[in-house]
Amino acid sequence: MSLRFHNTLSGRLEEFVPLVSGKVGVYVCGVTVYDRSHIGHARALVTFDVLYRYLKFSGYEVTFVRNFTDVDDKIIARAQQAGISTADLVETNIRSFAEDVKAMGCESPTVEPRATENVDGMIALIQELIDKGLAYPADGDVYFAVDKFRDYGKLSKRKLDDMIAGSRVEVDERKHHPMDFALWKASKPGEPWWESPWGQGRPGWHIECSVMSTKHLGQPFDIHGGGTDLIFPHHENEIAQSEGAKGKAFARYWLHNGMVNIGAEKMSKSLGNFMTVQQAAGRVGGEAVRLFVIGTHYRSPLDFSPDRLDESGRALTRLYETLARVDEALKGEAEAGPAPAVLEEFRTAMDDDLNTARAVGIVFETVRTMNRLLDEGKVDEVGVLRSALKEISSVLGIGGTEAVAFLERSKQDHLADAEIDPAEIENLISQRNAARREKNFKRADEIRDQLKALGIVLEDTPKGTIWKIEKR
RNA sequence: GGCGGCGUACCCAAGUGGUUAAGGGAGAGGUCUGCAAAACCUCGAUGCAGCGGUUCGAAUCCGCUCGCCGCCUCCA
């Protein structure tokens with residue numbers, strides 16, 4: 001089966017055929033860096049990270065561009081509120097963004113351009129639009145004339161008339177049409193500004209993506225991604241700007257991830273009902289956040305709750321405990337072999353519009369199979385499954401860490417949180433084993449209960465007693 | 001009002017015309033164990049919001065009804 005994506009432009013599933021055979025250009029709208037990222041951003045980041053990895057896995061040479069929008073109204077407002085420069089605010093947030101992305105195991109895009117580094121290109125594009133009669137200056141601002149662009153609304157499937165009738169549109173007598181949007185804004189005192197043919201000002205919201213995408217990928221390019229909430233007006237306006245100016249197609253496949261809901265309501269900064277990536281990763285680890293995200297198909301709504309996040313943490317621990325068991329049994333022996341059927345199933349799932357939920361199911365089916373084979377002593381049959389799982393992990397980004405190290409780290413995190421000394425645990429285990437040798441099971445169980453109260457569970461294995469962190 | 005989408009077991013979630021409806025979490029029973037834990041095995045929706053229709057056959061297609069959500073304003 002060939003790779004297929006749901007294209008927002010056509011509203012249906014389409015076979016993916018890149019512009020240039022073997023190469024793919026992907027542009028994804030990154031974040032506006034005015035605050036920390038939350039689970040909603042995490043979803044977009046992880047979704048398109050998986051897309052990037054799967055395209056590479058499928059043999060494509062991929063150029064992946066994800067931008068930072070580092071100049072806009074909110075950034076200016078936040079900086080003023082905090083009494084710092086916009087540049088400082090931006091740097092702080094880009095740093096924390098980098099931490100979040102790293103925690104979730106996302107690969108670095110090929111390029112991460114910033115809006116403020118591309119203002120010249122934006123001015124040039126705006127001038128082109130003015131020259132073509134698609135934009136007009138007004139009091140130091142420049143607006144795009146939506147009714148001059150015939151295809152306006154083709155992505156979001158809206159008609160200009162419907163939009164005006166249905167929503168409150170701010171009256172602005174400088175605009176020729178109520179839906180006209182700003183390409184350039186005259187700067188007020190104290191705001192960042194650039195020189196332009198229309199005076200000192202700064203770019204509007206949508207123009208930076210038109211410029212940065214085509215700068216690195218050309219026009220047209222293959223895939224443009226982002227959240228569904230960007231379809232209108234952001235992506236619609238990108239199309240208007242780029243296709244209006246150049247008279248040719250902008251992006252060929254539009255992929256949009258669904259929203260994260262919390263209590264059946266969209267998670268968002270404005271509603272204040274968000275959990276930051278940092279909080280979530282601190283609770284269960286970034287990789288579990290990632291598993292939480294890919295457990296649902298990217299276009300479906302995803303309901304967030306702390307309990308569901310914890311479930312993902314438990315599932316991930318189960319995966320790693322099996323991997324640790326497998327690696328111990330294989331002892332680093334060669335595990336190459338013919339690509340087993342699971343890998344084909346994985347490809348089929350991913351080719352079908354990135355069905356990561358199904359792919360995760362395949363991972364856990366494999367986990368169970370490997371456990372069973374180990375119980376039956378069929379170690380050699382486990383090898384090929386283990387190597388298949390490694391390949392799958394490299395795409396999904398879960399289970400890719402060295403298993404023992406992962407488990408050890410989550411232990412250490414817990415001990416640090418609970419302020420427990422590992423030596424104390426070992427000491428109690430010794431006391432308990434002494435009691436057990438004397439058949440003093442009452443005393444032995446008391447010690448076990450004592451540890452359990454601290455979130456430590458014991459397992460008596462053939463090789464002795466080991467301890468683990470109780471699953472939350 | 002316009003556009004788009006959703007409703008599958010206790011919770012989450014794949015499956016979108018054809019053998020026994022993936023997988024995860026929680027739960028029950030069993031094997032193992034001093035007892036546990038972990039792991040494994042077994043059990044769990046005769047049914048996929050409801051009602052009609054198309055079809056040899058539908059969770060899957062069509063129609064209607066009910067419930068829910070997103071976008072239309074900054075937003076991943």
Side-chain angles (χ1 to χ4, degrees), chain A residues 8 11 13 28-32 34-35 37-48 72-74 77 153 156-159 161-170 179 205 225-234 236 256-261 264-271 291-292 295-297 299-303 305 307-308 310-316 318-319 321-322 325 345 349 352 355-376 436 439-442 444-445 448-449 452 457-462 465-468 470-471:
Chain A
T8 307
L13 227 48
V28 173
C29 290
V31 290
T32 300
Y34 72 97
D35 202 349
S37 301
H38 59 64
I39 307 287
H41 300 108
R43 187 175 197 194
L45 294 166
V46 169
T47 296
F48 292 107
D72 98 322
D73 295 351
K74 282 188 181 176
S156 55
K157 318 274 192 283
R158 283 156 218 262
K159 297 185 180 73
D161 297 346
D162 293 340
M163 288 189 267
I164 301 157
S167 65
R168 57 203 158 100
V169 178
E170 279 181 43
M179 294 304 292
W205 175 32
T228 55
D229 53 353
L230 295 181
I231 295 171
F232 190 89
H234 187 53
E236 196 69 71
H256 290 100
N257 64 275
M259 297 294 98
V260 173
N261 295 153
E265 205 175 36
K266 177 180 163 184
M267 179 182 287
S268 73
K269 289 281 170 60
S270 41
L271 291 171
L291 178 58
F292 170 72
T296 302
H297 184 92
R299 287 196 288 117
S300 302
L302 173 55
D303 280 316
S305 76
D307 283 348
R308 294 210 48 211
D310 290 346
E311 281 180 16
S312 295
R314 281 193 290 271
L316 187 67
R318 170 147 181 259
L319 169 62
E321 293 202 331
T322 298
R325 197 180 167 211
E345 286 179 42
D352 182 17
N355 191 342
T356 53
R358 171 70 192 130
V360 169
I362 291 166
V363 167
F364 282 96
E365 282 172 27
T366 307
V367 162
R368 195 157 46 144
T369 304
M370 292 195 302
N371 270 318
R372 199 185 59 238
L373 289 170
L374 287 179
D375 279 2
E376 293 168 357
R436 289 173 74 208
K439 305 280 187 209
N440 184 356
F441 296 122
K442 185 162 178 290
D445 290 349
R448 188 169 62 198
D449 292 344
K452 180 150 166 87
V457 290
L458 301 184
E459 290 181 23
D460 297 322
T461 75
T465 301
I466 61 170
W467 60 270
K468 291 179 179 173
E470 186 176 28
K471 291 177 183 174

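These figures come from a predicted structure and were not determined experimentally. Per chain, numbering begins at 1; letters A, B, ... match sequence-line order.
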(Q) Please check this pair: side chain of R308(A) against backbone of D303(A), looking for a donor-acceptor N/O pair closer than 3.5 Å. (A) yes
Q: Indicate, with a heavy-atom threshold strictly under 4.0 Å, whether R372(A) touches base, sugar-phosphate, or nothing.
A: sugar-phosphate
**Q.** Cationic N near anionic O, under 4.0 Å, R448(A) to D445(A)
**A.** yes
Q: Starting at atom NZ of K266(A), determine the distance to atom C1' of rG70(B), rounded to an integer number of angstrom.
A: 7 Å
Q: Examine rG70(B): is either OP1 or OP2 under 4.0 Å from a nitrogen or oxygen in the side chain of N261(A)? Give yes or no.
A: no
Q. Hey, is the main chain of R358(A) close enough, under 3.5 Å, to the side chain of N355(A) for a donor-acceptor pair?
A. yes
Q) If you look at every strand shown and take non-hydrogen atoms under 4.0 Å, does S300(A) touch a base, only sugar-phosphate, or nothing? A) sugar-phosphate
Q: Give one of base, sugar-phosphate or nothing for G226(A), where a contact means two heavy atoms less than 4.0 Å apart.
A: sugar-phosphate
Q) Between D303(A) (CG) and rG7(B) (P), how many Å, whole number? A) 12 Å
Q: Indicate, with a heavy-atom threshold strictly under 4.0 Å, whether E459(A) touches base, sugar-phosphate, or nothing.
A: base
Q.
Counting distance alone, no hydrogens or angles: does the base of rC35(B) have a donor or acceptor under 3.5 Å from a partner atom on the side chain of D460(A)?
A. yes
Q: Look at all strands and tell whether K74(A) reaches a base, only sugar-phosphate, or nothing, counting heavy atoms closer than 4.0 Å.
A: base
Q | N/O donor-acceptor pair, side chain R43(A) with base rA76(B), under 3.5 angstrom | A | no
Q.
Heavy atoms only, 4.0 Å cut-off, all strands: where does G30(A) land among base, sugar-phosphate and nothing?
A. sugar-phosphate
Q) Are E236(A) and R158(A) ion-paired here, with the side-chain N under 4.0 Å from a carboxylate O? A) no
Q.
Does any part of the side chain of M259(A), heavy atoms only, come nearer than 4.5 Å to the side chain of R43(A), both counted from C-beta?
A. no
Q: Grab the NZ-P distance between K452(A) and rC35(B) for me, whole Å please.
A: 18 Å
Q: Respond yes when some side-chain nitrogen or oxygen of R448(A) is under 4.0 Å from OP1 or OP2 of rA37(B), and no when none is.
A: no
Q | d(NE2, H234(A); P, rA76(B)) in whole Å | A | 9 Å
Q. Taking atom P of rG24(B) as reference, at what distance in whole Å does atom CZ of R358(A) sit?
A. 11 Å
Q) In whole Å, what is the span from the CZ atom of F48(A) to the P atom of rA76(B)? A) 13 Å
Q. Touch check for D229(A), heavy atoms < 4.0 angstrom, all strands: base, sugar-phosphate only, or nothing?
A. base
Q | Sugar-phosphate, base or nothing in reach of I231(A), heavy atoms under 4.0 Å | A | nothing
Q) Heavy atoms under 4.0 Å, any strand shown: does A315(A) hit a base, just sugar-phosphate, or nothing? A) sugar-phosphate
**Q.** L45(A) side chain reached by V28(A) side chain, heavy atoms, under 4.5 Å
**A.** no
Q.
As a check on the pairing definition, encode RNA chain B in dot-bracket form, counting Watson-Crick and G-U wobble pairs whose two distances are under 3.5 Å, and using | for partners outside this strand.
A. ((((((((.[[[..)..(....]]].(((((.......))))).....[[[[[..)....]]]]])))))))....
**Q.** N257(A) vs rA76(B): side-chain N/O to OP1/OP2 distance below 4.0 Å
**A.** no
(Q) Just the rounded figure in Å: distance from P of rA37(B) to CZ of R436(A). (A) 14 Å
Q.
Looking at rG23(B), I'd like to know if its phosphate oxygens (OP1 or OP2) sit under 4.0 Å from a side-chain N or O belonging to R368(A).
A. yes
Q) V260(A) near the nucleic acid: base, sugar-phosphate alone, or nothing, with a heavy-atom cut-off under 4.0 Å? A) base
Q) Think R299(A) has a side-chain N or O under 4.0 angstrom from the OP1 or OP2 of rG4(B)? A) no
**Q.** Nearest-angstrom distance from the residue atom CZ of R158(A) to P of rG5(B)
**A.** 12 Å
(Q) Check the phosphate of rC35(B) against K439(A), side-chain N and O only, distance under 4.0 Å to OP1 or OP2. Yes or no? (A) no
Q.
Mind checking if H256(A) touches a base, just sugar-phosphate, or nothing, with heavy atoms under 4.0 Å?
A. nothing
Q.
List the residues meeting salt bridge (charged side-chain N to carboxylate O under 4.0 Å, His left out) with D72(A), not counting sequence neighbours, and say none if there are none.
A. none
Q: Would you indicate what F441(A) reaches in the nucleic acid, counting non-hydrogen atoms under 4.0 angstrom: base, sugar-phosphate, or nothing?
A: base
(Q) It should be established whether R318(A) places a side-chain nitrogen or oxygen under 4.0 Å from OP1 or OP2 of nucleotide rC40(B). (A) yes
Q: Would you state whether a donor and an acceptor, one from the side chain of E311(A) and one from the base of rG24(B), lie under 3.5 Å apart?
A: yes
